[in-house]
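Counting convention: from 1, in listed order, for ligands and their atoms alike. Here the structure is a predicted model, which is why all the values come from computation and not from measurement.
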Amino acid sequence: MNMPTVAVVGRPNVGKSTLFNRIIGERKSIVEDTPGVTRDRIYATGEWLGKEFHIIDTGGIEIKDEPFQKQIAMQAEIAIDEADIIVMVVNGREGVTEDDTHVARILQRAKKPIVLMVNKIDNFEMRNDIYEFYSLGIGDPFPVSGSHGLGLGDVLDEVISHFDNLNIEEETDDSIHVSLIGRPNVGKSSLINAIIGEERVIVSDVAGTTRDAIDTKHTVDGVDYTFVDTAGIRKRGKVYESTEKYSVLRANVAIERSDVCILVLNGEEGIREQDKRIAGIAHEAGRAMVIVVNKWDAVEKDERTMKEFEEEIRKEFLFLDYAPITFVSAKTTRRVQTIYPLINLVDESHKRRVQSSTLNEVLVDSILMNPTPRDKTGKKLNIFYGTQVSVAPPTFVMFVNDTELMHFSYKRYLENRLRQAFDFTGTPIHIITRQRN
Ligand code: GDP
Ligand code: GDP
């Protein structure tokens with residue numbers, strides 16, 4: 001689960017996002033229709049020679065109202081805070097600029113491996129332009145061309161050569177990994193304190209593990225939980241930490257390491273576009289989810305208010321119709337105790353495995369109740385057999401006569417039937433169709 005993180009830094013227009021997109025390749029998203037979920041992506045997974053890593057495009061993190069120089073300095077700091085390896089991109093056509101030197105100086109202080117990419121070296125003749133970048137003092141410059149895809153192999157070889165020295169250990173314990181996600185100020189930090197109280201134990205006896213130090217372990221009624229990235233939630237003060245893009249980035253990192261995500265909404269303010277965006281990432285990542293509406297103490301309410309808010313959530317988060325909702329106050333700790341049972345419930349659903357025989361009985365029944373569709377030529381969808389191929393999230397493969405015939409609406413129908421037959425509260429489920437003749 002723990003992969004190294006590579007951050008790309010550099011001035012605007014040197015080609016960071018071009019290179020970022022080259023490295024992550026084309027990856028299709030499940031919730032493409034959800035506005036804002038995949039647009040301006042700044043965090044993704046890349047792979048080279050079988051080694052996977054996370055990659056951050058810090059250029060996508062705009063820090064509003066800050067002068068340009070300060071912005072790139074902060075992006076460099078984010079890279080230092082978040083990444084194991086830093087890739088600095090410069091523009092080979094412009095030569096070394098003052099801003100490059102500025103960024104390089106910040107990075108040097110970090111004592112993290114830095115790989116220097118000189119971009120826009122579109123042909124062989126231009127290769128001599130890279131030597132002046134030695135003056136940045138951050139190592140050998142690698143010539144690349146983002147737009148032509150040249151030289152990337154050598155850079156990625158260099159990047160992954162640092163992986164072995166990173167000492168990133170695998171997470172082996174079987175506690176439920178939980179993250180609190182949500183935009184700034186919804187109350188994540190207050191809620192984490194309310195949930196785990198003061199008896200929290202930060203487990204970091206193991207030397208040199210920076211990752212454990214940011215988590216909090218907690219046991220309730222014999223169940224072990226790891227609250228992921230609690231240090232990140234509590235951390236305060238740096239200018240960039242309150243920016244929206246940075247909070248999306250943090251959510252990405254936390255979601256990646258979780259079994260269960262707690263989406264925290266602000267009951268006082270209602271639902272915002274950014275809530276949907278963060279929720280979309282968790283959904284796409286296939287994590288179990290509980291929706292917690294916080295600050296309920298501050299809401300003026302009558303007997304209908306909760307119901308209305310719930311309807312609003314269902315309307316705004318159509319793709320999260322499976323997630324249970326609870327209303328709490330971190331401030332008064334009222335109803336905070338409802339959260340643990342919900343974590344347990346959705347975690348069980350997330351890991352649920354159903355027997356093939358039962359699954360196929362449900363499929364046969366479902367098809368009897370609502371026959372499979374035909375296409376224009378009269379060709380009918382045939383589902384021969386279904387089987388669950390994995391858990392977390394539960395993933396089913398259906399063998400069919402023609403995958404083209406499985407329409408979204410019928411898939412949705414089957415998903416609902418599976419949800420009725422087996423308890424999948426709080427987890428997305430995936431249905432994959434595979435052709436068999
Ligand atoms: P970012 O601001 O650093 O993310 O830069 P972009 O990736 O948006 O690229 C800035 C501009 O440089 C765009 O017009 C790209 O098409 C162009 N560009 C990116 N890579 C290359 C390259 O290798 N060669 C050339 N000639 N142009 C490039
Ligand atoms: P975070 O940025 O999501 O971690 O949010 P914080 O936990 O820092 O909370 C942001 C603000 O909301 C702080 O001023 C908190 O005191 C306040 N707050 C948090 N939870 C509650 C709550 O349940 N009720 C009320 N009224 N205020 C809250």
Side-chain angles (χ1 to χ4, degrees), residues 7-24 40-42 55-62 68 71-72 75 87-94 97 99-100 103 117-123 126-127 129-130 142-152 155 179-195 227 229-238 241-244 246-248 250-251 254 262-269 272 274-275 278 292-301 326-336 339:
V8 181
V9 294
R11 296 181 293 117
N13 277 317
V14 293
K16 294 182 297 303
S17 56
T18 306
L19 290 161
F20 177 84
N21 288 331
R22 279 259 175 211
I23 293 170
I24 65 176
D40 335 311
R41 170 148 40 169
I42 55 169
I55 178 161
I56 302 170
D57 176 9
T58 64
I61 306 173
E62 284 163 43
F68 165 74
Q71 286 217 26
I72 51 174
Q75 288 169 354
V87 172
M88 175 164 173
V89 184
V90 293
N91 183 343
R93 298 191 168 202
E94 284 179 79
T97 70
D99 291 325
D100 291 335
V103 171
M117 257 179 168
V118 183
N119 191 32
K120 310 201 185 184
I121 304 294
D122 297 336
N123 55 57
M126 294 170 70
R127 284 187 143 236
D129 297 344
I130 71 171
F142 285 82
V144 297
S145 168
S147 40
H148 299 256
L150 301 172
L152 277 175
V155 176
S179 61
L180 277 79
I181 56 173
R183 56 192 167 83
N185 276 318
V186 292
K188 296 181 296 299
S189 158
S190 311
L191 206 51
I192 197 85
N193 287 327
I195 292 175
F227 287 89
D229 194 30
T230 48
I233 291 173
R234 290 196 176 104
K235 204 160 58 173
R236 281 290 181 276
K238 291 188 190 163
E241 283 185 3
S242 57
T243 67
E244 295 204 345
Y246 184 75
S247 87
V248 171
R250 286 260 39 121
I262 297 183
L263 175 69
V264 185
L265 301 176
N266 183 339
E268 216 180 352
E269 285 181 359
R272 298 278 164 85
Q274 206 195 342
D275 295 322
I278 290 175
V292 172
V293 182
N294 188 36
K295 307 201 188 183
W296 203 238
D297 61 284
V299 175
E300 231 180 272
K301 44 193 172 292
T326 187
F327 294 80
V328 309
S329 165
K331 190 175 169 190
T332 67
T333 73
R334 194 163 150 72
R335 292 175 52 84
V336 164
I339 295 175

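- Protein heavy atoms are found inside the 4.0 Å sphere centred on atom 9 (O) of ligand 1.
- Distance CG/Asp297 to CZ/Phe327: 13.5 Å, rounded to 0.5 Å.
- Any N or O atom pair closer than 3.5 Å counts here, and Pro184 shares no such pair with ligand 2.
- The protein heavy-atom contact nearest to atom 19 (C) of ligand 1 is Thr18 OG1, 3.4 Å.
- For Lys188 (side chain) and Gly182 (main-chain N/O), a donor-acceptor pair under 3.5 Å exists by modelled atom type.
- If you look at Asn119 next to ligand 1, the close heavy atoms, those under 4.0 Å, all belong to the side chain.
- Rounded to the nearest 0.5 Å, atoms CD1 (Ile262) and CD1 (Ile339) are 5.5 Å apart.
- Near Lys188, the atoms of ligand 2 lying under 4.0 angstrom from a non-hydrogen atom of the residue are 1 (P), 2 (O), 3 (O), 4 (O), 5 (O), 7 (O).
- You'll find the side chain of Arg93 reaches within 4.5 Å of the side chain of Asp122, heavy atoms only.
- Counting only distance, with no hydrogens or angles, the side chain of Lys120 and the backbone of Glu94 share no donor-acceptor pair below 3.5 Å.
- Atoms CZ and CG, on Arg11 and Asn91 in that order, are 6.0 Å from each other to the nearest 0.5 Å.
- Using 4.0 Å as the threshold, His148 has no heavy atom nearer than that to any atom of ligand 1.
- Remark: ligand 1 and Asp57 share no N or O pair separated by less than 3.5 Å (distance only, no angle test).
- Against a heavy-atom cut-off of under 4.0 Å, Ser190 is close to the following atoms of ligand 2: 6 (P), 7 (O), 9 (O), 15 (C), 19 (C), 20 (N).
- The main-chain N or O of Val89 is never found under 3.5 Å from a side-chain atom of Asn119 such that the two would form a donor-acceptor pair.
- The closest side-chain heavy-atom distance from Val299 to Lys295 is not below 4.5 Å.
- Considering backbone and side-chain atoms alike, Leu191 places every N or O at 3.5 Å or more from each N or O of ligand 2.
- Contact annotation for Val186 and ligand 2: heavy atoms of both the backbone and the side chain come within less than 4.0 Å of the ligand.
- Counting atoms of ligand 1 from 1 in the listed order, those under 4.0 Å from a heavy atom of Gly146 are 22 (C), 23 (O).
- With respect to atom 26 (N) of ligand 1, the closest heavy atom belonging to the protein is Asp122 OD2, 2.7 Å.
- Under a 4.0 Å criterion applied to the non-hydrogen atoms of Asn185, ligand 2 contributes the atoms 1 (P), 2 (O), 3 (O), 5 (O), 10 (C), 11 (C).
- Judged purely by atom type and a 3.5 angstrom limit, Asp100 has no side-chain atom pairing as donor or acceptor with the backbone of Val103.
- Close contacts between ligand 2 and Ser329 involve ligand atoms 23 (O) [criterion: under 4.0 Å to a heavy atom].
- Residue Ser145 approaches ligand 1 through these ligand atoms, each under 4.0 Å from one of its heavy atoms: 23 (O).
- With Lys331 contributing its side chain and Ser329 its backbone, the two residues share no donor-acceptor pair below 3.5 Å.
- For atom 18 (N) of ligand 1, the closest heavy atom belonging to the protein is Lys120 CE, 3.7 Å.
- Atoms CZ and CD1, from Phe20 and Ile42 in turn, are 8.0 Å apart once rounded to the nearest 0.5 Å.
- Atoms of ligand 1 lying under 4.0 Å from at least one heavy atom of Arg11, given by number and element, are 3 (O).
- One option in Gly187, Ser189, Ala298, Gly267 has a heavy atom closer to atom 4 (O) of ligand 2 than any other, and that option is Ser189.
- Residue Met88 holds its CE atom at 10.5 Å from OG1 of Thr58, rounded to the nearest 0.5 Å.
- To the nearest 0.5 Å, atom CG of residue Asn21 and atom CG of residue Asp57 are 8.0 Å apart.
- Checked against a 3.5 angstrom limit, the closest N/O atoms of Asn294 and ligand 2 fall inside it.
- On a distance-only criterion, Gly15 and ligand 1 share at least one N/O pair closer than 3.5 Å.
- Counting the atoms of ligand 1 from 1 in the order shown, those under 4.0 Å from a heavy atom of Arg93 are 26 (N).
- Remark: among candidates Gly149, Ser147, Gly59, the nearest residue to atom 21 (C) of ligand 1 is Ser147, based on non-hydrogen atoms.
- Numbered from 1 in the order shown, with element, the atoms of ligand 1 that lie under 4.0 Å from a heavy atom of Lys16 read 1 (P), 2 (O), 3 (O), 4 (O), 5 (O), 7 (O).
- Annotation for Gly92 and Asp129: closest pair O-CB, 3.9 Å, computed over non-hydrogen atoms.
- The shell of residues lying under 4.0 angstrom from ligand 1, judged by heavy atoms, includes Pro12.
- Per-atom contact check: atom 13 (C) of ligand 1 does not touch the protein, criterion being a heavy-atom distance below 4.0 Å.
- Side-chain atoms of Gln75 come within 3.5 Å of backbone atoms of Ile61 as a donor-acceptor pair (strictly under, hydrogens ignored).
- Remark: ligand 2 atoms within the under-4.0 Å shell around heavy atoms of Asp297 are 22 (C), 23 (O), 24 (N), 25 (C), 26 (N).
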